[in-house]
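Read the numbers this way: they start at 1 and go in the same order the structure lists the ligands and their atoms.
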Amino acid sequence: MAQLTYAILALLPAVLWYLWAQLRQWRFKKYSHIPIVYPQSLPLGHLKLLGEGFMKMEKGRHIDYVLRDMIRAKGDPEILFLDLRPINFPMVIVASHKVAEQITRPSKLHPYSVTKSPTMQSTYRRLVGARSLLSEEDESWRILRKRFNPGFAPSHLITLLPSILDKTSTFISKLDALAKTGETFEMDPLCTNLTFDIIGQIVTNLDFHAQDENVDGIDIVRHFRTQIGTYKNNDQMFAFLDPKRRITRLVSSIQLDASIKKCIKTQFAQIKEGQKTETKRTKDRSVIALALQDIDVLTSDVLQSTADQVKTFLFAGHDTTSILLQRLFHELSIHPKCLATIRAEHESIFGDRNPREILLEKPDETMKALSYTSACIKEALRLWPPAGSARRALPGAGFKVRLQDGQEVCLDGTVLYLCQFLIQRDPKVYGETATEFVPERWLGDTDTSEATNDFNGTQAGASKIPISAWRPFERGPRNCIGQELANLEARVILACVMRRYDFEKVGAGEVVRDEMGEPRMEKGKDVYKTKAELFSSMVVTSKPHDRSLMKLRMHKPNA
Ligand code: HEM
């Protein structure tokens, strides 16, 4: 026995040395072919550095701000390697549109672009299900995408105008009431309920009544709200420390799944009956009908897959568009010239008539005419991208990107965070006004549609800005299926409200006024001085941190 002990003790230094060498290899060698901008620590990699970055910021800021400062401090490298082991995958932050394009375009290795990151799947599984269009890969993804594409074709979307306008009327009646009292309110829930009502109708053909607090809206809305409420600011990494929240998330996800399945079952017979007699013109293109097309028996497998797609479209289709609206209302309220220009555009198109009538009379022509409005939307999405994307090439796949200096870097095994916030504020592309709201930069180049996806990313649009440097809907085969819908919604809503109200931010982002109550301008710029910054927080998506506190007044044209 004693001999064995001596033998173990004698071997111990060798074992320790071996483990130490393995640890060093794991930490410092495995990814040493990727340019290392910040030195790693042996036990924690870059975790401590990231933590310190957060500590320097006001509480609640989105991780993008920490990454921005880290990248800036090192002279704006195209990619930033962050070793987050052992609590997460090693990560590469992509800050250059040229590198992002190499990740999202189809290639021999990845015909539908580099595969999605497992981190996204684990975060959103409860919300959208395991078989969501957002996370499926390869052939199963392609088949799903093909099935839903007709529901988002421009010729079909334009037929949704009456429904979008109806939901917008409810929104306007709410804003009218708030303008009368002059009270401070949160814009976030109002915009979110509006966009939820719109997407609810498009997905299920049902009125969700999300905007109507007097009607006990359908169960789906209630369970969805509870579910989203369990995602808090920047806390995904440590959610496991909050068992109560995890239980609420689990229970509400089960309830949401059940209520969606109930809705699918109720509609199944009706949809099948309709599909027998429909023509190309009368075809039901709701998400639920497209999901059930060619399905004769509602097996539990079909039911689950359909429920996951319904959840996906409901989730992806409302939160992001709501953020876009909130950012637009704020940006336009602090940029007086932009506000005057958009109002002048609406004046010239609608004059004294209700925008609703003109939009219904001449939908295509009117949507096209809203070009400055489109430029504002494009610019708000540039500065404030609500979503993002994370991908991961499997270890051993041999996935390489080429950097500006010609160096080829293999990124296998790392999570690739396509940081739109950094890419779309790159001063090398957007110059001195990279962080300013300047819709004029897009004039003549306001297309945000799927069509721009076909272009070679390095090609410049009419604005001379490379097509791939604007990517809030991401690019390549896995780009956003709802991008034209989002743009259509935003144009319609802006057309209906911008001449009706004066929006006034309260708290963060509020305009600074002089003794006479007049707004102060930033020196040499067309923007009012504002109080504390209206930064974004990460609550599933990237949204204004204070839920957009605002006040409203009815706009008096010549006041
Ligand atoms: C301003 C509004 C929107 C923004 C900024 C946005 C952004 C994005 C982004 C960045 C992606 C790619 C995600 C990834 O690569 O992981 C995406 C995908 C997706 N979006 Fe959107 N989105 C918006 C509106 C919508 C709307 C209205 C819908 C509803 C139809 C929608 C449905 C989807 C779906 C289903 C996908 C997955 C597509 C696929 O993988 O084939 N989005 N969106």
Side-chain angles (χ1 to χ4, degrees), residues 94 100 103-104 112-121 123-124 127-129 131-138 140-153 156-157 160 164 191-192 194-204 285-287 290-291 308-328 377-378 380-392 415-421 423-424 448-450 453 470-491 493 536 540-543:
V94 178
I103 294 166
T104 54
Y112 305 120
S113 81
V114 176
T115 43
K116 298 279 179 96
S117 161
T119 48
M120 282 183 65
Q121 173 68 300
T123 305
Y124 301 133
L127 202 56
V128 295
R131 297 171 59 188
S132 160
L133 174 66
L134 267 167
S135 53
E136 282 286 10
E137 294 291 351
D138 302 322
S140 11
W141 166 78
R142 195 189 62 78
I143 291 165
L144 275 178
R145 177 83 181 217
K146 202 169 157 214
R147 182 175 280 268
F148 294 116
N149 274 339
F152 298 91
H156 172 62
L157 290 178
L160 304 173
I164 296 175
C191 291
T192 305
L194 163 64
T195 51
F196 207 76
D197 266 349
I198 294 174
I199 194 69
Q201 185 86 47
I202 292 171
V203 172
T204 64
R285 288 192 169 85
S286 64
V287 166
L290 292 171
D308 287 359
Q309 310 323 323
V310 169
K311 282 185 266 184
T312 299
F313 279 96
L314 289 179
F315 161 64
H318 81 288
D319 204 29
T320 43
T321 317
S322 160
I323 295 165
L324 167 62
L325 293 172
Q326 293 170 56
R327 284 294 178 186
L328 278 163
I377 293 169
K378 196 161 179 178
L381 284 168
R382 179 185 75 82
L383 279 179
W384 306 108
S389 186
R391 309 295 175 96
R392 184 169 182 254
V415 166
L416 307 168
Y417 174 36
L418 305 172
C419 186
Q420 300 164 354
F421 182 79
I423 295 171
Q424 299 182 162
T448 65
S449 74
E450 177 75 14
N453 201 35
W470 187 85
R471 45 192 320 125
F473 298 109
E474 261 322 322
R475 293 177 45 80
R478 300 303 297 261
N479 70 344
C480 175
I481 196 173
Q483 64 194 80
E484 307 213 16
L485 169 63
N487 195 301
L488 180 85
E489 281 181 53
R491 269 179 288 171
I493 295 162
S536 293
V540 190
T541 43
S542 174
K543 46 183 74 149

Verify, without hydrogens or angle tests, whether [X] (side chain) and [Y] (backbone) share a donor-acceptor contact under 3.5 angstrom.
X: E137; Y: K116; result: yes
X: T192; Y: S322; result: no
X: H156; Y: F152; result: no
X: Q424; Y: R382; result: yes
X: R391; Y: S117; result: no
X: E136; Y: R142; result: no

I'd like to check whether [X] has a polar contact with ligand 1, where a contact means an N/O of the residue lying under 3.5 Å from an N/O of the ligand.
X: N479; value: no
X: E474; value: no
X: E489; value: no
X: T321; value: no
X: R478; value: yes
X: R391; value: yes

Measuring from the heavy atoms of H318, does anything fall under 4.0 Å of ligand 1?
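It does not; every heavy atom stays at 4.0 Å or beyond.
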When you measure from atom 41 (O) of ligand 1 to each heavy atom in R475, E484, Q309, R145, which option holds the nearest one?
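Heavy atom nearest to atom 41 (O) of ligand 1 belongs to R145.
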For ligand 1, which atoms sit closer than 4.0 Å to a heavy atom of [X]?
X: S389; value: 14 (C), 15 (O), 16 (O)
X: M120; value: 16 (O)
X: Q420; value: 10 (C)
X: P472; value: 5 (C), 7 (C), 10 (C)
X: P386; value: 5 (C)
X: K116; value: 14 (C), 15 (O), 16 (O), 40 (O)

Are [X] and [Y] close enough that a side-chain donor and a side-chain acceptor fall under 3.5 Å?
X: S536; Y: R327; result: yes
X: T195; Y: T321; result: no
X: S132; Y: D308; result: no
X: T104; Y: R471; result: yes
X: Q201; Y: D197; result: no

Which is it for W141 and ligand 1 at heavy atoms under 4.0 Å: side chain, backbone, both or neither?
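Side chain only; the backbone of W141 stays clear of ligand 1.
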Please give me the protein atoms (N, O or S only) lying under 2.8 Å from atom 21 (Fe) of ligand 1, ordered by chain and number.
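Within the sphere that stays under 2.8 Å of atom 21 (Fe) of ligand 1, the protein atoms of type N, O or S are C480 SG.
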Compute the centroid of each ring, for F315 and then for F196, and state whether the two points are separated by less than 6.0 Å.
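They do not qualify: ring centres at least 6.0 Å apart.
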